[in-house]
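Comments concern the structure below.
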Amino acid sequence: MLNKKKVSPYLYIIPAFIVIGLIIVYPIMYTFYISFTNMNIYHWFDFEITGLSNYSKALFVFDLGFIKALLITIIWTIVNMVLQLVIAYLIANLLNNKLLKRGKNIYKMLLMVPWAIPGYVSILLWKNGIFNVQFGLLNQWLNTLGFQSVQWLNQPVVAFTSMTVLNLWLALPFMIMIMDGALQSIDRSYYEVAQIEGASKFEQSRYITIPLIKSVIGPAVVITAFTTFKQFDIVYLLTLQPASRTGAGIHTIITYAYENAFITSNYGYSSAISIIIFIMLVSFTLLTSNDFRRKKHE
Amino acid sequence: MSKKNKEILIKILIHGFFILFAFITLIPILYAVSVSFNGSNSIVSSDFSFIPKNLTFNNYLKVFKEEPLLTWASNTLILAIVTLLVSLSVGIPAAYAFSRKRFKGSKSLQKSLILLNAFPSILSMFAIWYLMSGPIPLVNTHIGLILIYSGTMGIFTIINLKGYFDTIPVALEEAARIDGANEFQIVLKILLPLSRPAIIVTGMMIVIFVWNEYIFSSTFMTGEENYTLAGGLYGLQAGEMSGSWPVFAAASIIISIPVLIIFLKVQKYMTSGLTVGGVKE
């Protein structure tokens with residue numbers, strides 16, 4: 001009876017850790033192992049340990065494209081995060097405008113719709129419905145207005161812009177909702193005082209709203225930054241599908257790792273890329289979580 | 001008086017902005033819906049409108065007749081349900097232990113879960129594929145996919161539910177313990193009912209995850225009869241081009257509707273469930 005009362009805590013976590021260990025940790029360790037070999041389509045079974053050569057290739061041979069993909073990913077993350085935060089902030093402020101009493105909930109609901117549709121479905125609908133060169137909506141409109149069709153997904157800059165627009169479409173609903181919630185948490189009396197003191201709208205934003213919502217939206221912003229940095233679906237589905245590659249030449253680090261494993265079959269090299277990305281993600285995670293803990297104690 | 005006029009003008013401007021903005025946001029969806037109901041071939045001509053000119057359900061019928069959509073749907077459901085059961089049954093006890101018990105390694109294990117959660121499983125996809133085509137062949141089996149999904153969702157379940165369990169006061173459990181309830185009864189009769197909203201949200205997220213996952217299911221499964229909905233839809237658009245676009249639009253809409261419904265349901269739970277607590281201290 002006494003024995004039964006005290007079940008070892010480890011018994012509770014063992015099943016979960018068997019599953020996670022086998023299916024998550026073991027493949028990561030195996031990836032780590034492959035990253036030190038020359039495993040590829042020609043060396044499927046008889047691959048050899050080649051030390052750090054895959055890592056040095058990734059980091060020092062610029063032509064192979066990893067550094068370029070990393071730079072694109074960083075630019076992608078910055079551009080998207082800045083646009084998302086600015087647009088979501090403006091829209092959430094408009095939604096909370098005193099004059100907009102009726103209709104707020106309807107607008108909010110309509111703006112949330114893109115969030116509720118499976119991401120890959122949305123991306124494929126955009127690819128075929130909006131960006132398609134022959135019958136996409138954008139080119140239909142351009143042609144009606146008498147302009148030439150544009151290849152939305154073929155040149156790097158145009159494709160990057162198209163992807164950014166699509167990413168905003170997918171990600172803004174979440175950010176607007178977070179901002180909206182944060183704005184509602186602010187005590188109205190701050191603004192009343194500010195108005196009496198004669199502060200302009202810009203000053204109110206600068207000195208009241210933004211400092212106050214910072215801590216509320218912080219975690220959501222960090223999570224979104226991670227998601228943006230790990231972008232795969234948009235880039236892959238729009239431009240890299242084997243049956244319909246557009247040659248835009250845009251890679252995020254994740255599509256780059258995927259391509260080297262499943263298209264060009266450089267398994268060793270691709271695994272090294274995966275491990276480099278993993279190390280980056282782990283350091284970011286540790287950095288941001290420490291940051292939050294420090295902020296809480298302040 | 002002029003201040004009032006100004007307010008009315010601003011009001012009209014804001015409403016105008018939101019009506020326009022909402023419309024622009026919804027264009028891709030409205031367009032897909034319109035195309036899916038369109039009978040004529042007007043998608044290639046320029047006289048396009050958002051209201052289909054020849055209303056037809058043919059594209060929807062084609063999805064069911066020419067594509068094995070029902071097979072894909074049942075594959076997806078099987079995967080989703082088994083993944084849900086596995087993730088919850090390994091995740092709930094672990095989340096409970098992390099939330100309620102002190103033991104050596106608890107903190108570092110939780111930390112490593114958060115780090116593993118940051119790792120996109122697509123990066124180890126090749127290793128998984130290589131290992132699963134080894135001595136125990138799991139490539140092209142449902143069990144293989146279920147294991148992959150359960151691993152990812154197991155971590156998610158533990159992190160999510162542990163956070164929620166932490167918000168439930170232990171007072172009730174202590175009271176039950178004094179009344180002679182054993183641990184199993186406490187979890188089953190007190191903790192789980194109180195965590196209903198969180199468990200439902202977590203469960204829905206798991207189902208949506210499996211429903212939406214296309215890259216593993218299209219890489220690991222071969223043969224149309226083995227596809228999930230996501231894998232099937234992915235194959236549908238990759239295979240043919242302009243000819244099947246209306247059919248593809250119809251299939252997309254069919255596949256999106258359940259997720260849309262689940263999403264709206266979860267949202268309701270998220271707001272009501274998190275405020276209606278069990279005990280308030």
Side-chain angles (χ1 to χ4, degrees), chain A residues 4-5 7 9-10 12-13 15-16 19-20 23-28 30-31 34 94 97 99-100 103 107 110-111 113-114 116-122 124-126 128-130 134-135 137 140 143-144 169 226 230 232 241 243-244 254 257-258 261-262 267 270-271 274 277-278 281-282 285, chain B residues 7 10-11 14-15 17-18 22 25-26 28-29 31-32 35 43-44 46 48 90-91 93-94 96-97 101 103 114-116 118-120 122-128 131 147-148 150-152 154-155 158 182-183 211-212 214 219 230 233 237-238 242 245 248-249 252 255-256 259-260 263-264:
Chain A
K4 260 191 182 166
K5 254 188 177 170
V7 185
Y10 295 103
Y12 289 96
I13 61 168
V19 174
I20 294 165
I23 213 67
I24 307 283
V25 178
Y26 183 46
I28 292 176
Y30 205 80
T31 305
I34 301 172
L94 266 187
N97 193 300
L99 297 172
L100 185 76
Y107 296 139
L110 289 176
L111 295 182
V113 171
I117 293 179
Y120 76 100
V121 172
S122 299
L124 293 177
L125 286 179
W126 273 76
N128 292 304
I130 308 293
Q134 290 120 44
F135 55 91
L137 207 51
Q140 282 185 43
N143 294 341
T144 316
W169 188 84
F226 269 98
K230 293 194 282 187
F232 174 83
Q241 288 185 60
S244 55
I254 310 264
Y258 175 85
F262 286 92
Y267 307 119
S270 166
S271 298
S274 294
I277 299 172
F278 188 40
L281 290 172
V282 165
T285 310
Chain B
E7 277 193 356
I10 294 174
K11 214 171 179 173
I14 295 178
H15 278 285
F17 169 79
F18 274 115
T25 304
L26 294 177
I29 296 158
Y31 181 52
V35 166
I43 45 151
V44 253
S46 52
F48 169 78
V90 304
Y96 169 74
K101 296 187 176 297
F103 56 95
I114 288 175
L115 295 182
L116 287 176
F119 183 81
I122 198 167
L123 289 181
S124 58
M125 187 157 107
F126 170 71
I128 297 176
L131 294 168
L147 281 173
I148 297 169
S150 301
T152 310
I155 297 178
I158 297 174
N182 65 32
E183 201 156 15
W211 198 274
N212 289 353
Y214 69 94
T219 308
L233 190 68
Q237 59 89 37
S242 62
W245 157 228
F248 172 74
S252 301
I255 292 173
S256 301
V259 178
L260 225 127
F263 188 86
L264 295 176

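This structure is a prediction, so every number in the text was calculated from the model and none was measured. Chain A is the first sequence line, chain B the second, and so forth, proteins listed ahead of strands; every chain is numbered from 1.
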Query raised in the report: Any idea how B:Y31 and B:W245 line up, ring-wise: parallel (<30°), tilted (30 to 60°), or perpendicular (>60°)?
Result: tilted
Report summary line: Applying a strict 4.5 Å limit to non-hydrogen atoms, the region of B:T152 in contact with chain A is both
Query - Pairing residues for A:Y30 by the side-chain hydrogen bond (donor to acceptor under 3.5 Å, both in side chains) criterion, not counting sequence neighbours - result: none
**Report entry** Contacting moiety of B:L260, where chain A heavy atoms sit under 4.5 Å
**Finding:** both
Report summary line: Interface check, chain A: of B:I122, B:I255, B:I114, most non-hydrogen pairs under 4.5 Å belong to B:I122
Query - Most contacts with chain B, counted as non-hydrogen pairs under 4.5 angstrom, among A:V113, A:L100, A:I34 - result: A:L100
**Report entry** Part of B:L115 within contact of chain A (heavy atom distance under 4.5 Å)
**Finding:** both
Report task. Using non-hydrogen atoms and a 4.5 Å limit, figure out which bit of B:N212 sits close to chain A: side chain, backbone, both or neither. Result -> both
Requested in this report: Mind telling me whether A:F262 and B:F126 have parallel, tilted or perpendicular rings, with 30° and 60° as the class edges?
Outcome: perpendicular
Report task. Name the member of B:A97, B:S256, B:A22 that forms the most heavy-atom pairs with chain A at distances under 4.5 Å. Result -> B:S256
Query raised in the report: Looking at B:L131, B:T219, B:I10, B:N182, which one has more heavy-atom pairs under 4.5 Å with chain A than the rest?
Result: B:L131
Report task. Report the option among A:I117, A:L125, A:I254 that has the most heavy-atom pairs separated by less than 4.5 Å from atoms of chain B. Result -> A:L125
Report task. Enter the distance from A:I24:CD1 to B:I128:CD1 here, rounded to the nearest 0.5 Å. Result -> 6.5 Å
Query raised in the report: Is the backbone of A:S271 close enough, under 3.5 Å, to the side chain of A:T31 for a donor and an acceptor to pair up by distance?
Result: no
Report summary line: The interface call for B:Y96 against chain A, heavy-atom contacts under 4.5 Å, is side chain
Query raised in the report: Do you know which of A:I277, A:I130, A:V25, A:I28 has the most heavy-atom pairs under 4.5 Å to chain B?
Result: A:I28
Query - Close side-chain approach of A:F278 and A:S274, heavy atoms under 4.5 Å - result: no
Query raised in the report: With chain A, which of B:A230, B:A32, B:G154, B:S150 has the greatest number of heavy-atom pairs at distances under 4.5 Å?
Result: B:A230
Query - Partner set under side-chain hydrogen bond (donor to acceptor under 3.5 Å, both in side chains) for B:Y214, not counting sequence neighbours - result: A:D233
Report task. Select one option (side chain, backbone, both, neither) describing which atoms of B:I155 are under 4.5 Å from chain A's heavy atoms. Result -> both
Query raised in the report: Between A:L110 and B:T25, is a side chain to side chain contact (heavy atoms under 4.5 Å, CB included) present by the stated rule, with each step listed?
Result: CA-CA 8 Å; A:L110 289 176; B:T25 304; over 6 Å; no
Report summary line: Most contact-rich option vs chain B, by heavy-atom pairs under 4.5 angstrom, among A:V19, A:N97, A:L111, is A:L111
Requested in this report: Would you check, one step at a time, whether the test side chain to side chain contact (heavy atoms under 4.5 Å, CB included) holds for A:I20 with B:I158?
Outcome: CA-CA 11 Å; A:I20 294 165; B:I158 297 174; 4.0 Å; yes
Query raised in the report: So, B:K101 side chain and A:Y10 main chain: donor-acceptor pair closer than 3.5 Å or not?
Result: no
**Report entry** Top contributor to chain B contacts, counting heavy-atom pairs under 4.5 Å, from A:W126, A:F226, A:F232, A:Y107
**Finding:** A:Y107
